[in-house]
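Just so it is clear, the model here is predicted, and its values are computed rather than measured. Below, read A as the first sequence line, B as the second, and so on, with proteins coming before strands; counting in each chain starts at 1.
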Amino acid sequence: MDAMDAVAVKPKVRVATTSLAGCFGCHMSFLDIDERLLELVELVEFDRSPLTDIKHCGPCDIGLIEGGVCNSENVHVLREFRKNCKVLIAIGACAINGGLPALRNSFDIGRCLQEVYLTGLNVENGQVPNDPELPLPLDQVHPIHEVVRIDYFIPGCPPSGDAIWKFLTDLLAGRTPRLGHPLLRFD
Amino acid sequence: MDDFKHCAYLDPILTRFENRSDYLVQILREAQDCFGYLHQDAIDYLATKLNLPRARVEGAASFYSFLHLQPPGRYRVLFSDNITDRMLGNQALMERFCRNLWVEPGKPAEDGLVSVDFTSCTGMCDQGPALLVNGHVLTRMSVERVDRISELIRGKVALTDWPHEYFVVADNIRRRDVLLGGDWQAGEPIRAALARGADGVLAEMKLSNLRGRGGAGFTTAVKWESARLAPCQGERAERYIVCNADEGEPGTFKDRVLLNSYADLLFDGMTVAGFAVGATKGLVYLRGEYRYLLPKLLANLERRRIDGLLGTTVCGQVGFDFDIEIHLGAGAYVCGEETALIESLEGKRGVPRVRPPFPVTRGYLGQPTVVNNVETLCKAATIALNGGAWFAGLGTKQSTGTKLISVSGDVEVPGIYEYPFGVSVDRVLNDCGAGNAQAVQISGASGVCLAVHEFGRRIAFEDVPTAGAFMVFGAHRDMFEVARNFSHFFAHESCGFCTPCRVGTALVAKLMDKVASGSGSQYDINEIVSLQRVMQAASHCGLGQAACNPVMDTLQKFRPAYERHLRALDFEPSFDLDESLATSRQLTGRDDSGAHFGQ
């Protein structure tokens with residue numbers, strides 16, 4: 001490529017986002033950066049994300065993951081992100097700790113499936129769904145850092161739009177992201 | 001059980017402790033002796049009688065690992081789990097014991113006969129593997145002994161009828177210098193101190209430059225003088241001398257020997273301190289694991305009272321009254337920290353205080369308090385007798401006098417060695433017959449790990465400071481496992497007050513387990529390093545600050561021992577992904593490729 005062109009056209013940072021076992025609350029919070037979205041799209045372009053509806057992730061600079069890992073599909077998506085993103089960020093309580101979905105961890109998944117599909121009240125001729133299209137649930141819900149390497153964590157349930165904005169702008173500017181006390185206060 | 005029954009055994013205890021809430025830990029300990037645990041109604045009764053919130057009483061009871069709110073087995077067996085016990089095979093012995101009695105570790109047997117678990121270092125590293133049965137220490141466990149003990153328990157034989165030799169704790173003194181080799185009559189140091197006068201004693205202490213033997217190395221004379229000058233507070237205005245005999249640092253057992261065979265010297269030292277500081281009361285905080293020493297120590301105190309070495313007008317000195325009482329700890333390593341120890345003496349959870357104010361100005365019950373290690377007080381007694389110049393002539397410039405070293409691990413002759421400060425690690429290794437040592441852990445789990453190239457270093461505050469532990473690891477030992485043992489020790493002993501320590505120690509132990517299980521990667525090592533930074537900078541007390549020391553030291557000096565366990569250099573999940581789908585696969589009857597994880 002011509003050196004002059006390289007200076008003239010500064011490539012945008014590619015960002016991918018996804019929600020695994022989460023509630024999309026973190027994505028909603030992301031949208032809460034409001035008009036700063038316009039500033040953001042000057043700097044970044046989105047790859048796979050609920051915002052673009054692109055189904056698979058290509059090579060990216062930043063991946064944002066909401067939600068923990070509760071089934072086999074979550075694992076595949078997470079691995080795809082790790083393979084393609086230079087920097088992977090866990091965003092929100094579920095991604096970091098398992099969060100609300102992990103409340104099922106004290107129950108045996110086998111007994112849950114049996115009760116819901118076979119032995120529960122009003123179930124007749126029940127069957128545990130076994131279509132190969134369906135992802136199988138893991139026996140436990142895990143935070144994403146137990147499955148792949150994670151580079152950064154943005155805590156909160158959900159983190160505020162301001163926190164997400166501060167974190168991303170730090171990252172884009174080459175500063176080690178740092179959320180000060182006001183952005184980490186939740187009460 | 002109704003109130004009536006509880007008051008039947010609690011009232012005499014409460015009366016003995018004058019219904020004082022600052023004796024809560026002692027009251028709970030004695031109350032537990034009646035039934036082996038503390039009944040919920042007993043907690044209620046104590047709260048009412050002591051006029052304390054119930055949460056204070058239950059909070060204290062739940063803090064100490066030797067106090068139980070649920071009934072443990074009638075025989076409560078705790079295997080000491082220091083790394084030295086492990087090296088002597090305690091894990092296989094425990095498994096065998098559990099198999100013999102059909103119990104699982106951590107769960108009382110269904111018939112309530114026995115419960116089995118691990119406990120932190122019991123201070124018997126030179127004669128392990130050790131265990132505690134209902135608070136009594138048993139040493140030198142073997143397959144034969146463990147089998148015999150299983151039979152005794154099955155036969156419900158009372159502990160007092162068990163073979164006497166199981167309970168023998170040897171001193172194992174291997175090298176005597178001026179302290180262990182000295183020949184003094186009980187009370188001699190006190191008379192010498194009285195002859196010198198309080199100012200004279202302080203002057204000699206300054207001249208001696210004695211530094212605290214508990215590890216921190218603070219100058220004792222400065223401590224004494226500060227407490228002497230500090231004003232007393234309020235109604236019960238008096239100063240206190242506290243002896244820290246909560247020897248919990250893994251691998252340390254020198255205080256055990258001093259308490260067993262040199263108790264007179266210790267009590268002399270406390271009395272001398274009391275005289276110099278202007279204190280009228282001494283308190284010994286004896287770790288729960290050393291409970292077997294209590295009757296002997298109490299008898300000694302009684303004899304000293306009869307001999308006029310304690311009580312009013314000590315040694316005939318009009319106006320000098322001093323007495324000593326003993327408090328028993330209940331299994332909390334953090335109580336070795338002086339302010340946590342004071343909290344425990346006051347009947348509370350052993351949570352370290354914020355310093356300042358330091359104990360010398362506001363310590364036990366808010367009064368000026370000197371907290372000294374057992375060995376420090378023994379040394380102070382010899383200084384009162386022989387003078388500061390004599391003491392300063394021993395050791396090195398900044399580390400005067402001698403040091404008791406507790407040698408254990410892969411050596412031919414484990415035990416207590418007394419050397420002048422400045423002795424080289426090599427010399428100690430030579431004397432104790434450590435053939436092919438690859439490392440020495442000095443000063444216990446929170447100390448420093450030295451590799452072969454550092455064996456020329458010297459034990460002194462100028463170079464390698466120590467509280468006394470000296471654990472030797474032969475070439476065949478896995479230094480990663482050593483560090484992993486210590487990481488679990490800290491996770492278990494964190495008092496839970498501050499988040500960096502409570503969470504950090506647990507995370508480090510978990511990561512070490514991940515590496516041990518073969519799922520570790522370079523990433524996990526990096527995680528440990530960054531956790532260490534947080535814990536060191538942000539923990540409330542020394543426990544959290546030092547908790548990563550053994551891991552960091554071994555990472556630096558024995559990195560290949562870690563790398564051997566790593567599965568990959570990048571990242572591995574912390575659990576078996578494919579296995580986690582097994583239940584779902586079974587229930588759906590699926591075995592297609594979508595029901596498995598490829599790599």
Side-chain angles (χ1 to χ4, degrees), chain A residues 21 68-83 85 88 90 96-98 102 104-105 107-119 126-153 155 176 184, chain B residues 498-500 502-504 506-531 533-534 537-538 566-599:
Chain A
V69 177
C70 79
N71 63 29
S72 57
E73 193 213 4
N74 293 158
V75 175
H76 293 306
V77 174
L78 190 54
R79 281 179 169 173
E80 180 182 304
F81 268 69
R82 181 69 270 180
K83 211 169 148 187
C85 301
L88 209 53
I96 295 172
N97 292 318
R104 80 153 154 95
N105 284 356
F107 302 99
D108 179 70
I109 184 68
R111 288 177 62 184
C112 287
L113 289 173
Q114 273 176 328
E115 183 159 345
V116 171
Y117 293 109
L118 303 175
T119 62
Q127 190 201 354
V128 181
N130 62 357
D131 192 303
E133 286 282 301
L134 294 172
L136 290 179
L138 303 180
D139 56 358
Q140 298 268 291
V141 178
H142 293 268
I144 61 174
H145 68 260
E146 290 188 1
V147 179
V148 298
R149 177 169 55 81
I150 298 298
D151 303 296
Y152 297 100
F153 300 85
T176 301
L184 284 171
Chain B
C498 77
T499 312
R502 181 184 65 246
V503 176
L507 286 176
V508 169
K510 224 172 144 184
L511 285 166
M512 292 294 277
D513 285 350
K514 185 182 173 189
V515 172
S517 72
S519 318
S521 66
Q522 194 58 53
Y523 173 83
D524 300 299
I525 305 285
N526 297 345
E527 275 298 295
I528 292 174
V529 175
S530 64
L531 277 169
R533 276 193 215 112
V534 175
L566 301 184
R567 179 137 155 219
L569 285 179
D570 185 34
F571 185 86
E572 287 294 326
S574 61
F575 61 101
D576 185 337
L577 274 168
D578 197 56
E579 185 56 33
S580 68
L581 288 181
T583 314
S584 300
R585 267 197 301 268
Q586 193 195 346
L587 270 149
T588 54
R590 283 176 53 187
D591 199 24
D592 55 284
S593 63
H596 288 278
F597 288 115
Q599 273 311 305

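Both the backbone and the side chain of Leu138(A) come within contact range of chain B, each with at least one heavy atom under 4.5 Å from a heavy atom of that chain. In this structure, chain B has no heavy atom under 4.5 Å from any part of Gln140(A).
Top candidate by heavy-atom pairs under 4.5 Å with chain B, chosen from Asn71(A), Leu134(A), Leu118(A), is Leu134(A). Your options are Val128(A), Asp108(A), Ile109(A), and the one with the most heavy-atom pairs under 4.5 Å with chain B is Val128(A).
Between Phe153(A) and His145(A), the angle of the ring planes goes over 60°, which puts this pair in the perpendicular group of the 30/60° scheme.
The pair Arg82(A)-Asp151(A) counts as a salt bridge, with a side-chain nitrogen and a carboxylate oxygen less than 4.0 angstrom apart.
With contacts defined as side-chain heavy-atom distances shorter than 4.5 Å, the pair Asn97(A)/Pro143(A) does not qualify.
With hydrogens and angles disregarded, a donor-acceptor distance shorter than 3.5 Å links the side chain of Asp578(B) to the backbone of Phe597(B).
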